[in-house]
2 protein chains.
Amino acid sequence: MQPQSPKYEQIAKEIRKRIREGVYQPKTAMPDQNTLAEEFGVSRMTIKKALDGLTMEGLIYTRRGDGTYVLGDIPLKIDTNSPAEEHMGLTAELGHERVTSQVIKFAIMFPTEELMTHLKLQKNEPVFDIIRLRLVNDEPYVLEHTYMPQKLMPDLNEKILLHSIYSYLKDDLGLKLSGAYRKIHADLSNDLDIRYLNCQPGDPILEVEQVAWLQDGTPFEYSFSRNRYNARSYTVLDISQPTV
Amino acid sequence: MQPQSPKYEQIAKEIRKRIREGVYQPKTAMPDQNTLAEEFGVSRMTIKKALDGLTMEGLIYTRRGDGTYVLGDIPLKIDTNSPAEEHMGLTAELGHERVTSQVIKFAIMFPTEELMTHLKLQKNEPVFDIIRLRLVNDEPYVLEHTYMPQKLMPDLNEKILLHSIYSYLKDDLGLKLSGAYRKIHADLSNDLDIRYLNCQPGDPILEVEQVAWLQDGTPFEYSFSRNRYNARSYTVLDISQPTV
DNA sequence: TATTTTTATATGTATATACTTATATCATGA
DNA sequence: TCATGATATAAGTATATACATATAAAAATA
């Protein structure tokens, strides 16, 4: 019977709903914090904490001395594009399309110098070397080359690769993913791209190079996702917090 | 003599410095909140607010019941790549290199359907139509095609374009920039690219399409930045806040 | 009328305090 | 030895309160 999430989160959820349903309209002011505090039966500090979260999401903005205003029509979804996050990313993004995977390579090796740097490993700590082709409605969509430290996921196998690395890490191993650092380039197609992505020699490729890490800072994935230039774009939402 | 920034921000700044200088080492625990509160002579709530900010920046992470740990070695700079933010972005990024601009087009027009949508304008509200070539040490670097509503910046002129749109908007007009939504694609070079970026027909181009807006949600820029595929990559840091 | 000053209002910051909950450590017992 | 349970610890949540400060609206003044 105890509340699963803190009050400020429940309140944020309710306010998000009101914005979505038009109770609070874009470009108009919301009730002030004291009024909301009274309505929800909490202190103003708790309301403020809820509003702070919504501000960071870009749903509202506040002006000291004035009030709180609804924005509400900014696109909010970020396109994650992480091999390990396919169930949040690709699957969610494509909705009802049929996403399948094909494992092209599943090997284990000692890390190169570069991998040792990116994944913070010693030279005697093996990494998985995985290449997967992801298809949408049987059409080649993205070619993913992924390296992951074996020690973090000793029991990784081909069956998991076909399903979801993400839910394996999160649900089975209890690892908490935290963030990613991505570098996006344009490149020319190479032999693998031509073979698996059905593209021509000389075609441009959109490559996303990524290091992803856990909540404690451990890197768990170094990957390259290669997309046909006309098949996909990469989307980023950057809300810069006001610099003090 | 009054403090220009709030205490929690000053404390965050000091802790950032300590991490940078190695007083608090990566992978080790920091002093607990009560100790820090005592040291800085503030309440624990104030310390917590400072730590919350550092957590969002990805510098530290906290575990309830355990403590606060330093991460500290995650690359933090985001490559903004916004025409209007060149003084935070391009200039800052390239440090001591000499960045110059060349105005290729500076016109005014009524918006197309697409511009009306992206910039939330009526068909009788004119937009500036700007093409700039940016050079680093006299080498072509990026070709920027920018559209901005005239009503937000009636006095924009060619001299400003050569200097900094960003500081004009921020310092002269007092507008507060808030965020941007970007879409990144790979593309094939077109005539303009070939002419100004010194590239060959068939070369891949990294294009960043962007809508940027002010704190109140008003879009003020719709732009395309086109980069030679081997000249530049686009970098993103994505710290996902723990989902509740 | 136009400008300046005052006042009311709403958000921001900061504190002290109490309680909750996740984690690690240490003691206990099978 | 290994699992279980108590205990200490540290961060998280929430409140009440006071004051600071930015903004808008109203009142006073030239």
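Here is the naming used below: chain letters follow the sequence lines, and residue numbers restart at 1 for every chain.
- Between A:Leu152 and A:Pro219, the closest heavy-atom pair is CD1-O, 3.8 Å.
- Of the listed nucleotides (D:dT13, D:dT23, C:dT11), D:dT23 has the atom at the smallest distance from the side chain of A:Arg63.
- With rounding to whole Å, A:Asp66 atom CG is found 19 Å from D:dT21 atom P.
- We find that A:Glu9 and A:Arg16 are joined by a salt bridge, their nearest charged nitrogen and carboxylate oxygen being less than 4.0 Å apart.
- Distances from the side chain of B:Lys48 to the nucleotides D:dT13, C:dA14, C:dT23 place D:dT13 closest.
- Listed pair B:Thr68 / D:dA10 fails the phosphate criterion, with no side-chain N or O lying under 4.0 Å from OP1 or OP2.
- Whole-Å rounding puts the A:Glu9 CD to D:dT13 P distance at 10 Å.
- Checking C:dT11, D:dA14, D:dA16 against the side-chain heavy atoms of A:Gln33 singles out C:dT11 as nearest.
- Residue A:Leu54 contributes atom CG, which lies 15 Å from atom C1' of C:dT11 at whole-angstrom precision.
- Checking D:dA14, D:dA11, C:dT13 against every side-chain atom of B:Tyr8, the shortest atom distance belongs to C:dT13.
- Taking for each of A:Leu51 and B:Tyr69 the nucleotide of DNA chain C with the nearest heavy atom, the 5'-most of the two is the partner of A:Leu51.
- Counting heavy atoms from C-beta on, the side chains of A:Met56 and B:Met56 come closer than 4.5 Å.
- The distance between atom OH of A:Tyr61 and atom P of C:dA10, rounded to the nearest whole Å, is 16 Å.
- Among C:dA16, D:dT21, D:dA11, the nucleotide with an atom closest to any side-chain atom of A:Arg64 is D:dT21.
- Per the geometry, CD belonging to B:Gln10 stands 12 Å off P belonging to C:dT13, to the nearest Å.
- Distances shown here put every side-chain N or O of A:Lys49 at or beyond 4.0 Å from the OP1 or OP2 atom of D:dA14.
- Taking 4.0 angstrom as the limit, A:Thr62 places none of its side-chain polar atoms (N or O) nearer than this to OP1 or OP2 of C:dA10.
- Checking D:dT13, C:dA14, C:dG12 against the side-chain heavy atoms of B:Arg44 singles out D:dT13 as nearest.
- Computed from coordinates, the B:Asn34 CG to D:dT9 P distance equals 11 Å when rounded to whole Å.
- A straight line from CD1 of A:Ile47 to P of D:dT13 spans 15 Å, rounded to a whole angstrom.
- Checked against a 6.0 Å centroid threshold, the rings of A:Tyr222 and A:Phe224 count as neighbours.
- By the 4.5 Å heavy-atom criterion applied to side chains, B:Tyr147 and B:Ile130 are not counted as neighbours.
- Distance B:Met30 CE to D:dA11 C1': 12 Å, rounded to the nearest Å.
- Among the nucleotides D:dA18, D:dA10, D:dG12, the one closest to any side-chain atom of B:Asp32 is D:dA10.
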